[in-house]
Amino acid sequence: MLKVAIVGAGSRGIWCFGNLLSQRDDCEITAICDTNKFRGDVAAEKLNCKKVYTSITEMLKHETLDAAIITTPDAEHEKCAIELLEGGVNILLDKPLSPSLQGCKNIIAAMKKSGKIAMMGFNLRHTAVLKYLKKLIDDGALGRIILMENREFYEGGRTYMARWNGKKSSSGGLWIHKGSHDFDIFNWFLDFPKPKKVSAFAGMSYFTPQNFPFEIESGIAPGPCCADCHYGKNGSCPDRVIHEGKEWGKEAQALDGYVKDSCMYLSDLSCHDNGIAMVEYENGVRASHMECFVCGISDRRYSIVGTKAVATASLTDRQIVVVNRWTKEKITYDFPVEDGGHGGADPHLLASFVAALKGENVPKATLEQGLLSTAITEAAELSREEERTVFIEL
Ligand SMILES: NC(=O)c1ccc[n+]([C@@H]2O[C@H](COP(=O)([O-])OP(=O)(O)OC[C@H]3O[C@@H](n4cnc5c(N)ncnc54)[C@H](O)[C@@H]3O)[C@@H](O)[C@H]2O)c1
């Protein structure tokens, strides 16, 4: 039995990795570590784990672990990863590696010094559609890749404005927090060439106080959070966020002030609700990523242009269509629905990490690859802020 700790017992810690670990017969959840004691206790109860800690330091004093899975907010990744690696623990680190390039370098240095296994949680690489698209690219079915595009519509993403995800201090910004997935996929498709320059445009077009989707009654201000908002309670706000678990209730909030249902229309404007970011690689390939959180649908759609054929793909439709440039022959590949979070990707991600722990494979997504994704997305944040093209220095 591999002894695994979950560090950061929130949505991802409990509902993804906690549940998946509980279903495996080769892993046990040895300890839960969350800086919020209330949330840690709730997670331990849900996952039937007896040991709860509020710091990694305490946990390492008492436990001998084979691995830890880090699912804290992004800005905490660096210190958690370094402490665990220095404590001799293998880690799976949810994306992004760190919101800053320097943070990524510091984690990589700690990993090298420790000799431990460290893997990135880039679960998109485990979706059936993208695995097959990667195979088509590697097999040369599209020819030499010259241009790539990805459009993400994410209905759930609008709630980023309601919690830490949209705050630069916690996530580095949404290019980093969300776009890190998408630029990792571009990097992976191309076998990780060096990115040369990035330009990005992004802004908060809708989730601002000018756009409340209800009539404001005289003298009754909206917010500050959905649970306490007059317009949430009386049902007039269609964007009301409801978190039913007690881990997000007032008792947990009292310990650290973490509110997961802040009014989206009063959110931090350093965050964007839509944008476009482009990268050009040293090998001449160009790629653009559009993300939008003001929408009622969720899908990632890809266009990959090669010298022989163009592939288009949709994660929601679970389909790839390849059209040959000369013959116009069209081949359609359909993929069955899979169980498990993120279109079946999460169980495969965990299985890949466990196999690496057992020495059966090497980590699928390395920290160095995590750094490349942060390098691009950090540059996209800077490009947006300073309204210029940013040249990447690694
Ligand atoms: N791969 C994916 O598809 C995917 C999806 C969602 C989130 N994520 C990533 O997963 C991570 C967690 O996101 P979430 O939505 O579950 O967050 P969350 O807010 O639901 O939970 C985070 C938890 O971490 C705890 N925490 C904060 N600092 C800590 C520290 N120093 N040590 C221990 N615990 C700490 C908080 O108290 C909270 O309980 C983030 O890095 C996010 O980017 C990945």
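Order of appearance sets the numbers: ligands from 1, and atoms from 1 within every ligand. All values reported here derive from a predicted model rather than from experimental measurement.
Of the listed options Ile69, Asp34, Ile14, Asp34 places a heavy atom closest to atom 38 (C) of ligand 1. Among Leu349, Leu124, Thr71, the residue whose heavy atom lies closest to atom 12 (C) of ligand 1 is Thr71. Nearest to atom 6 (C) of ligand 1 by heavy atom, out of Met120, Arg12, Lys178, is Arg12. Of the candidates Asp74, Val42, Ile32, it is Asp74 that places a heavy atom closest to atom 41 (O) of ligand 1.
Using 4.0 Å as the threshold, Glu247 has no heavy atom nearer than that to any atom of ligand 1.
Here the protein heavy atom with the shortest distance to atom 15 (O) of ligand 1 is Arg163 NH1, 3.9 Å. Protein heavy atom in closest approach to atom 26 (N) of ligand 1: Thr35 OG1, 3.5 Å. Glu76 OE1, 2.9 Å is the protein heavy atom nearest to atom 31 (N) of ligand 1. Nearest to atom 21 (O) of ligand 1 among the protein's heavy atoms is Gly10 CA, 3.2 Å. Of the protein's non-hydrogen atoms, Trp164 CZ2, 3.7 Å is the one closest to atom 13 (O) of ligand 1. Counting only heavy atoms of the protein, atom 27 (C) of ligand 1 lies nearest to Pro73 CD, 3.4 Å. Scanning all protein heavy atoms for the shortest distance to atom 19 (O) of ligand 1 gives Tyr258 OH, 2.5 Å.
A salt bridge between Arg286 and Glu280 is present, with a side-chain N of the basic residue lying under 4.0 Å from a carboxylate O of the acidic one. Note on Asp317 versus Arg301: salt bridge recorded, some NZ/NE/NH1/NH2 to OD/OE distance being below 4.0 Å. A salt bridge links Asp228 to Lys250: one of the charged nitrogens lies within less than 4.0 Å of a carboxylate oxygen. Using a 4.0 Å cut-off between charged side-chain N and carboxylate O, Glu63 and Lys3 make no salt bridge.
Environment of NZ in Lys194: crowded, with over 12 heavy atoms of neighbouring residues, nucleotides or ligands closer than 6.0 Å. Within 6.0 Å of NZ in Lys113 there are 12 or fewer heavy atoms belonging to other residues, nucleotides or ligands. Within 6.0 Å of the CD atom in Glu251, the count of heavy atoms belonging to other residues, nucleotides or ligands does not exceed 12. The local environment of NZ in Lys112 is sparse, with at most 12 non-hydrogen atoms from other residues, nucleotides or ligands closer than 6.0 Å.
Less than 4.0 angstrom separates some heavy atom of Gly121 from each of these atoms of ligand 1: 1 (N). Counting atoms of ligand 1 from 1 in the listed order, those under 4.0 Å from a heavy atom of His177 are 42 (C), 43 (O). In summary, the atoms of ligand 1 found under 4.0 Å from a heavy atom of His342, numbered by their order in the structure, are 3 (O). For ligand 1, the atoms closer than 4.0 angstrom to any heavy atom of His181 are 1 (N), 2 (C), 3 (O). Listed by atom number, the atoms of ligand 1 under 4.0 Å from Cys33 heavy atoms are 33 (C), 34 (N).
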### Query
When you look at Asp182 and Arg300, which way does the side-chain contact (heavy atoms from CB on, under 4.5 Å) test go after all the steps?
CA-CA 9 Å; Asp182 301 282; Arg300 278 186 164 95; 2.6 Å; yes

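Close N/O approach between Thr72 and ligand 1 is found [any backbone or side-chain N/O within under 3.5 Å]. Residue Asp94 places at least one N or O, backbone or side chain, under 3.5 Å from an N or O of ligand 1.
Residue-level proximity to ligand 1 for Asn123 is carried by the side chain, the only part with a heavy atom below 4.0 angstrom. Of the heavy atoms in Arg39, only side-chain atoms (C-beta onward) come closer than 4.0 Å to ligand 1. With a 4.0 Å cut-off on non-hydrogen atoms, Trp248 touches ligand 1 through its side chain and not its backbone. If you look at Cys16 next to ligand 1, there are no close heavy atoms at all, none under 4.0 Å.
Nearest heavy-atom pair across Tyr154 and Ser298 is CD1-OG, 3.6 Å.
Looking at Glu381 and Pro99, their side chains never come closer than 4.5 Å, going by heavy atoms from C-beta outward.
Counting only N and O atoms by type, the side chains of His348 and Glu338 include a donor and acceptor under 3.5 Å apart.
Looking at Asp139, Asp191, Asp184 one by one, the single match for salt bridge (Lys or Arg N to Asp or Glu O under 4.0 Å) with Lys134 turns out to be Asp191.
In this structure, Ser383 contributes its side chain and Ala379 its backbone to no donor-acceptor pair below 3.5 Å.
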